[in-house]
Amino acid sequence: MPELPKKYNIGEREKHWQDFWAKEDVFAFDEKSDKPIYSVDTPPPYVSADHLHTGHIMSYSQAEFVVRYKRMRGFNVYYPMGFDDNGLPTERFVEKKHKVNKKTISRPDFIKLCLEETKKGAETYRKLWTDLGISVDWSKTYSTINDLCQRRSQWSFIDLYKKGKIQRAKKPILWCTTCQTAIAQADLDAEERKGKIAHIKVKVKDTKEDLIFATTRPELLPACMGISVNPDDKRYQHLIGKTVVLPLTGQELELTADKEGVDPEFGSGVVYFCSYGGGECIEWMSRHPEAKPTHILDPGGKFNKLAGNYAGLSVGEARKKILADLDKAGALVKIESLKNVTHVHERCGTDVEYIPTEQWFIKLLDDKDKLLEFGAKLNWHPADMAKKYVDWVESLKWDWCISRQRYYGVPFPLWYCKECQEVILPEEDKLPVDPSTDTPDKPCPKCGSKEFTPELDVMDTWMTSSMTPYIIRDVAQDDRVFPNTLRPQAFEIIRTWLFYSVAKAYLHDDSIPFKDVMISGHGLDEHGRKISKSLGNYVEPSAILEEYGADAIRYWATGASLGANMRYSEEEIKKGKKTVNKLWNATKFCLSHFEDLDLDKKVELEPADQWVLDELYNTIVNATKDFDNYEYSKARNNTDAFFWQTFTDNYLEFIKYRLYNQEEVGEESFVAAQQTLYVCISAILKLYAPIMPFITEELYQAYFKDIDGATSIHVSAWPEAKGEWSMDENKRQEFIDALDVIWKIRKYKSDQQISLGKEIDEFAVKNKDLPEKYFKFIEKAARVKKLIK
RNA sequence: GGGCACUUGGCGCAGUUGGUAGCGCGACUGUUUUACACACAGUAGGUCGGGGGUUCGAAUCCCUCAGUGCCCACCA
């Protein structure tokens with residue numbers, strides 16, 4: 001006779017099942033199987049994240065619910081895990097933690113530190129995922145800096161280079177003066193600020209008239225390229241072509257016409273353009289070939305000698321000094337405050353500048369239509385997240401700058417010929433290469449020189465991340481996993497990870513990288529604020545795991561529907577723990593009545609049995625549909641309602657008299673109750689298994705495994721709804737009427753403050769249509785000696 | 001400035017084709033009934049953001065206003 005201990009020791013048993021799953025390889029991808037494949041391109045977390053919080057738990061759990069469900073539905077699940085230890089985020093983490101920067105540490109030492117830190121980070125993550133019960137196949141892992149990923153990233157570069165999709169160009173590019181590297185449009189954050197706009201006077205040389213223009217970048221006055229007005233602006237038409245003289249520098253410029261860049265309605269209708277105040281200055285320059293840019297800002301963020309008196313100053317310092325000088329010269333009309341939006345580098349918050357440098361670009365702007373088309377081919381969950389992708393593609397202004405002037409990252413696989421500057425690429429079978437230590441096999445094909453200069457820039461971290469659909473195919477060594485089935489990820493990286501992935505698969509193979517997209521929301525603190533390190537409003541996952549267990553916190557993670565932000569709630573976690581406890585106790589009760597259980601014996605079910613089975617099948621149908629639609633939240637609600645209300649509060653109470661009085665009710669009634677109980681509880685465990693893998697495994701292994709036959713509940717078959725609505729409508733209505741009497745008796749007892757367990761002598765049934773064959777059921781279920789009409 | 005979403009009992013949320021408002025938590029009143037007091041039974045609490053419209057009938061469709069959140073955009 002199966003028997004469970006009185007209490008379930010969460011900490012000890014969760015650890016036990018983690019080990020069991022690992023030992024039995026329960027989550028292994030089966031290369032030999034011909035079952036349909038379900039492959040998941042899971043976000044490789046930044047191992048440099050030094051504070052894991054409940055938001056991480058939420059998003060990874062939400063995807064994992066679906067993965068476990070799919071496994072039970074018979075899919076050959078491929079669920080690898082990567083670690084993103086590449087690129088700028090790691091460098092910044094190391095710089096902060098070890099108080100070093102590019103100047104104070106050598107490239108090899110720096111890379112060594114990065115590798116050490118990322119190794120630590122990977123261990124932290126792996127432990128958390130294991131504790132959480134994330135069912136990853138740990139034999140299938142990658143890290144974005146390892147050889148396999150470097151090879152794939154370099155292959156991507158070479159393939160696109162050969163396809164003509166990559167170009168090297170020198171032009172003003174988005175630049176971070178703190179990180180001292182070029183960055184891409186996707187690396188920008190917009191910050192709304194209260195800025196200042198200065199109104200500055202210039203003289204028209206011949207007529208001595210004053211013109212006033214306004215600018216938020218007065219410090220770039222020494223780099224002024226031109227001044228324009230709108231050609232339709234009657235106020236200034238007569239001045240077009242005249243020479244104007246700038247204050248301080250005395251620079252003489254021709255007043256030009258520019259229809260696109262100047263709105264006569266705004267400000268004074270006079271605009272000055274400098275190198276480079278912003279994107280609009282660059283656009284203006286493209287319309288004015290006569291313009292001569294003066295590059296006064298160095299990559300380190302200081303003005304150079306071309307800035308004259310302002311050389312050596314930072315942007316902020318120069319701004320102050322120039323404004324003071326303008327004021328002294330009588331050229332400063334006024335300074336107004338202005339709410340404007342400034343673009344900053346998302347990694348460090350520094351205002352971006354535009355500095356002309358030579359960089360590598362992937363051409364994307366030409367393919368906007370195709371990128372929109374391929375984005376639309378994905379199945380977006382929730383559907384409206386597709387809009388964020390469309391908005392981003394439509395707003396693209398720059399090709400993708402993929403070169404970074406940094407140390408730690410995947411090197412570009414190329415050299416330049418010292419003689420003729422020809423770009424030399426390695427053979428694909430030599431990848432990955434490090435051009436700073438490796439050399440080309442052959443002399444320059446163009447000029448025969450054997451002298452080469454390595455490209456020392458590294459690639460944008462997204463160059464690698466965008467290849468994860470390919471990388472996990474490389475890891476599996478199985479072409480069937482591409483395109484991947486599912487890409488789960490957070491909404492804020494739609495414009496980066498998702499977008500770049502789609503772009504790459506399109507450019508390389510004219511393919512989509514994955515079929516389904518599942519977008520999760522943000523984790524918020526209990527007050528609804530975004531979790532952030534500076535607010536300190538996050539809870540250590542390890543502390544919660546220890547106190548409540550993984551099942552409980554996973555239960556909380558089902559609380560928000562897909563894509564919605566979710567607050568941290570200890571109450572919800574407690575509810576999860578209660579559900580674990582309830583499952584334990586309900587199963588304990590069932591098992592204590594499973595002695596001599598004979599599932600094959602043909603018996604006639606009683607109305608209560610049919611009723612609960614109908615409810616169960618209805619629940620299964622709904623939960624299945626919900627999981628198929630990535631609506632794990634609804635699936636859990638449906639399962640909760642059946643388990644807590646229908647099954648435990650009602651059905652168990654209804655059949656206790658049959659289970660405890662086998663002699664009196666007869667063998668058939670007893671066995672019918674046993675069999676129904678078995679069907680219900682085994683299905684309940686399976687319905688909860690994707691959400692609460694530990695407790696359900698514990699209970700499955702305690703008894704059901706021997707009958708059901710699977711190694712683990714997580715590879716057992718998902719329950720089926722066999723006899724949906726087996727009860728005919730009349731009979732069903734009669735039973736509902738009987739339930740109504742039970743509810744009335746419960747209310748009566750509650751009103752009288754009588755224990756529900758106390759048997760009352762009699763109760764009058766008002767419903768004259770209720771057949772007397774239900775009387776015994778009601779009397780026993782509600783504990784009344786005699787029902788009277 | 002443009003776009004998207006949200007606004008339902010104290011709190012957090014469901015309400016898929018329009019047809020008498022639901023759930024969880026919390027509150028309150030009770031009950032230790034041989035699975036569980038991490039439980040059970042019961043009670044109270046909302047004119048579904050404001051206004052207008054379509055309809056026999058709207059939380060659900062349309063218009064408008066307001067508030068909140070997010071994405072995008074350096075109107076110099």
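Computed from a prediction, not measured in an experiment: that's the story for all the values here. Here is how names work: the chains are called A, B, and so on, in the same order as the sequence lines, proteins then strands, and each is numbered from 1.
Atom CD1 in A:Ile745 sits roughly 20 Å away from atom P in B:rU31 (whole-Å rounding). Taking atom CD1 of A:Ile754 as the reference point, atom P of B:rG42 lies 14 Å away to the nearest angstrom. Here the P atom of nucleotide B:rA76 and the CZ atom of A:Phe266 are 4 Å apart, to the nearest Å. The interatomic distance linking A:Lys577 (NZ) with B:rA39 (P) rounds to 11 Å, in whole Å. Following rounding to the nearest Å, A:Asp384 (CG) and B:rC6 (C1') show an atom-to-atom distance of 11 Å. One interatomic measurement links the two molecules: CD of A:Glu631 to C1' of B:rU16, which rounds to 10 Å at whole-angstrom precision. When the P atom of B:rG12 is taken as reference, atom CG of A:Asn565 falls 14 Å away, rounded to whole Å. Summarising the geometry, the separation between CD on A:Glu759 and P on B:rA41 is reported as 19 Å, rounded to the nearest angstrom.
If you check the side chains of A:Ser561 and A:Ser633, you find no donor sitting under 3.5 Å from an acceptor. Residues A:Asn230 and A:Asp258 have side chains that never bring a donor and an acceptor to within less than 3.5 angstrom of each other. A donor-acceptor contact closer than 3.5 angstrom links the side chains of A:Thr178 and A:Thr350.
B:rU54 is unpaired under the Watson-Crick or G-U wobble criterion, no partner having all donor-acceptor distances under 3.5 Å. Pairing partner, B:rC74: none, since no Watson-Crick or wobble contact has both distances short of 3.5 Å. Here B:rG69 sits opposite B:rC4 as a Watson-Crick or G-U wobble pair (both hydrogen-bonding atom distances under 3.5 Å). Both distances falling under 3.5 Å, in either a Watson-Crick or a G-U wobble arrangement, place B:rA39 opposite B:rU31.
Comparing B:rC40, B:rC71, B:rC72 by their closest approach to the side chain of A:Lys388 singles out B:rC71. In this structure, the nucleotide among B:rA76, B:rA14, B:rA41 sitting nearest to the side chain of A:Thr216 is B:rA76. The side chain of A:Ser755 approaches B:rU32 more closely than any other nucleotide in the set B:rC74, B:rC25, B:rU32. Which of B:rC4, B:rC75, B:rU43 sits closest to the side chain of A:Val341 comes down to B:rC75. Taking only side-chain atoms of A:Val262, from C-beta outward, the nucleotide of B:rC71, B:rA76, B:rC74 with the closest atom is B:rA76. Closest to the side chain of A:Ser750, out of B:rG42, B:rA76, B:rC70, is B:rG42. When distances run from any side-chain atom of A:Asp263 to the nucleotides B:rC74, B:rC36, B:rC75, the shortest one goes to B:rC75. Comparing atom distances between the A:Gln753 side chain and each of B:rU29, B:rU33, B:rC36 picks out B:rU29 as nearest. Of the listed nucleotides (B:rC72, B:rA76, B:rG42), B:rA76 has the atom at the smallest distance from the side chain of A:Leu338. Set against B:rC38, B:rA76, B:rC25, the side chain of A:Asn581 has B:rC38 as its closest nucleotide.
Distances shorter than 4.0 Å separate none of the side-chain N or O atoms of A:Arg783 from OP1 or OP2 on B:rU33. Between A:Thr648 and B:rC36 there is no side-chain polar atom (N or O) within less than 4.0 angstrom of OP1 or OP2. Close to B:rC74, at under 4.0 Å from its OP1 or OP2, lies a side-chain N or O of A:Lys397. Remark: A:Lys582 is in phosphate contact with B:rC40, judged by side-chain N or O atoms under 4.0 Å from OP1 or OP2.
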Step by step, work out the ring pair (Phe, Tyr, Trp, His ring centres under 6.0 Å) result for A:Tyr688 and A:Phe643.
CA-CA 10 Å; A:Tyr688 274 122; A:Phe643 174 57; 5.7 Å; yes
Please assess A:Trp556 against A:Ser569 for the test side chain to side chain donor-acceptor pair (under 3.5 Å), listing each intermediate value before the final yes or no.
CA-CA 8 Å; A:Trp556 159 78; A:Ser569 161; 5.3 Å; no
Walk me through it: do A:Glu570 and A:Tyr548 pass the test side chain to side chain donor-acceptor pair (under 3.5 Å)?
CA-CA 10 Å; A:Glu570 194 155 335; A:Tyr548 298 105; 2.6 Å; yes
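Nearer to the 5' terminus of RNA chain B, by closest-nucleotide assignment, is the contact made by A:Lys6 (compared with the other of A:Lys6 and A:Arg746).
Residue contacts shown for A:Trp644 are limited to sugar-phosphate atoms, with no base heavy atom under 4.0 Å away. Using a 4.0 Å heavy-atom criterion, one finds that A:Leu652 contacts the bases of the nucleic acid, with or without backbone contacts as well. Within 4.0 Å (heavy atoms only), A:Lys744 reaches no atom of the nucleic acid at all. At the heavy-atom level, A:Lys574 lies nowhere under 4.0 Å from the strands shown. Within the 4.0 angstrom heavy-atom criterion, no nucleotide atom of any strand lies near A:Thr579. Here A:Arg193 lies out of heavy-atom contact (under 4.0 Å) with every strand. A:Gln185 comes within contact range of the sugar-phosphate backbone alone, with a heavy-atom separation under 4.0 Å but no base atom that close. Counting any heavy atom pair closer than 4.0 Å across all strands shown, A:Gly521 reaches no nucleic acid atom. The residue A:Gly279 sits apart from the nucleic acid: no heavy atom pair falls under 4.0 Å. Among the protein residues, A:Gly195 comes within range of no part of the nucleic acid, since none of its heavy atoms lies under 4.0 Å from any strand.
Considering all non-hydrogen atoms of both residues, A:Tyr272 and A:Leu220 come closest at OH-C, 3.7 Å.
Within the 6.0 Å centre-distance limit, the rings of A:Tyr500 and A:Trp400 are counted as a close aromatic pair.
Remark: the separation of the C1' atoms in B:rU33 and B:rC40 is 9 Å, to the nearest Å. Comparing the same atom, P, in B:rA41 and in B:rC25 gives a spacing of 12 Å after rounding to whole Å. Going from the P atom of B:rG46 to that of B:rG57 covers 26 Å, rounded to whole Å. B:rG2 and B:rA73 have their P atoms separated by 16 Å, with the value rounded to a whole Å. For B:rU60 and B:rA76, the C1' atoms lie 47 Å apart once the distance is rounded to whole Å. Comparing B:rG42 with B:rG49, their C1' atoms sit 33 Å apart, to the nearest whole Å. Separation of the C1' atoms belonging to B:rC13 and B:rC71 is 24 Å when rounded to the nearest angstrom. B:rU34 sits 22 Å from B:rG30 when the P atoms are compared, rounded to a whole Å.
We find the OG-NE2 distance between A:Ser520 and A:His381 to be 14.0 Å, quoted to the nearest 0.5 Å.
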